[in-house]
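As a basis for the values below, the full set of heavy atoms in this structure was taken, side chains included, without hydrogen atoms, waters or symmetry mates. Please read these numbers as outputs of a predicted model, since none were measured by experiment.
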Amino acid sequence: QVQLVESGGGLVQPGGSLRLSCAASGSAFSTYSMSWYRRAPGKEREFVAFISAALGYTNYADSVKGRFTISRDNAKNTVYLQMNSLKPEDTAVYYCTKGQNYWGQGTQVTVSS
């Protein structure tokens with residue numbers, strides 16, 4: 001059983017930055033890949049970013065490529081999502097997930113002036 005807890009969301013102006021964190025419970029965090037997804041109002045949940053377990057390979061949705069960076073600190077059992085140059089269309093609830101089997105409760109990100 002894995003529990004995931006996101007934090008770091010909030011209200012930010014267009015062009016601003018936020019860093020989301022996802023803390024995972026349990027052991028063996030370093031052995032599994034992690035992803036971030038988001039769900040905007042009235043839309044389906046969509047993939048944002050992925051980081052692999054061993055080599056830290058990353059992959060991003062085209063809509064965030066070059067603006068968002070996913071990283072992990074295995075010593076802290078935490079995965080991060082650094083979000084820069086935020087746009088109003090980035091407004092959504094952001095979720096971290098382990099293999100799409102375990103999900104956090106989500107953290108709200110609102111980009112608005």
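Proximity of a side-chain donor or acceptor of Thr107 to a complementary backbone N or O of Ser7 within less than 3.5 Å is not detected. A donor-acceptor distance shorter than 3.5 angstrom exists from the side chain of Arg72 to the backbone of Ser52, with no hydrogens or angles considered. One N or O on the side chain of Glu6 and one on the backbone of Gly106 form a donor-acceptor pair closer than 3.5 Å. Between the side chain of Ser30 and the backbone N or O of Asn74 there is no donor-acceptor pair closer than 3.5 Å. Between the side chain of Asn84 and the backbone N or O of Gly16 there is no donor-acceptor pair closer than 3.5 Å.
Within a 6.0 Å sphere centred on CD of Gln108, heavy atoms belonging to other residues, nucleotides or ligands number more than 12.
Side-chain atoms of Asp73 and Thr78 include no donor-acceptor pair closer than 3.5 Å.
Between Arg38 and Glu46 there is a side-chain heavy-atom pair separated by less than 4.5 Å. Inter-residue side-chain proximity for Leu86 and Leu18 is flagged as met; some heavy-atom pair is nearer than 4.5 Å.
With Tyr94 as the aromatic partner, Arg39 does not meet the cation-pi criteria of under 6.0 angstrom to the ring centre and within 45 degrees of the ring axis. For the pair Lys98 and Tyr32, the distance from NZ or CZ to the six-membered ring centre is under 6.0 Å and the angle to the ring normal is within 45 degrees.
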Requested in this report: Go through the steps for Phe29 and Ser27 under the test side chain to side chain contact (heavy atoms under 4.5 Å, CB included), then give the verdict.
Outcome: CA-CA 6 Å; Phe29 174 79; Ser27 59; over 6 Å; no
Query raised in the report: Can you check side chain to side chain contact (heavy atoms under 4.5 Å, CB included) on Thr69 and Leu81, steps first, answer last?
Result: CA-CA 6 Å; Thr69 302; Leu81 186 68; over 6 Å; no
Query - Verdict with reasoning, Leu4 to Met34, per side chain to side chain contact (heavy atoms under 4.5 Å, CB included) - result: CA-CA 11 Å; Leu4 303 172; Met34 294 291 295; 4.0 Å; yes
**Report entry** Derivation and outcome, side chain to side chain contact (heavy atoms under 4.5 Å, CB included), residues Val79 and Ser71
**Finding:** CA-CA 6 Å; Val79 62; Ser71 62; over 6 Å; no
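For the side-chain contact (heavy atoms from CB on, under 4.5 Å) with Phe50, the qualifying choice from Tyr57, Tyr60, Trp36 is Tyr57, the only one to do so.
Shown here for Ser113 and Pro14, the closest heavy-atom pair between the two residues is N-CD, 3.7 Å. Looking at every heavy atom in both residues, Asp90 comes nearest to Ser85 through OD2-O, 4.4 Å.
A distance of 6.0 Å or more separates the ring centres of Tyr95 and Tyr37.
Grouping the Ile, Leu, Val, Met, Phe, Trp and Tyr side chains by contacts below 4.5 angstrom, directly or via other members, places Tyr80 apart from Ile51. In the hydrophobic clustering of this structure, Leu20 does not group with Trp103; members are Ile, Leu, Val, Met, Phe, Trp, Tyr whose side-chain heavy atoms approach within less than 4.5 Å, directly or through other members. Neither Val93 nor Tyr102 shares a network with the other; the hydrophobic side chains, linked directly or stepwise wherever heavy atoms of I, L, V, M, F, W or Y lie under 4.5 Å apart, form separate groups for each. The same ILVMFWY cluster, assembled from side-chain heavy atoms under 4.5 Å apart, contains both Ile70 and Phe68.
Here the SG atom belonging to Cys96 is positioned 7.5 Å from the CD atom belonging to Gln105, to the nearest 0.5 angstrom.
Using a 4.0 Å cut-off between charged nitrogen and carboxylate oxygen, Lys65 and Asp62 count as a salt-bridge pair.
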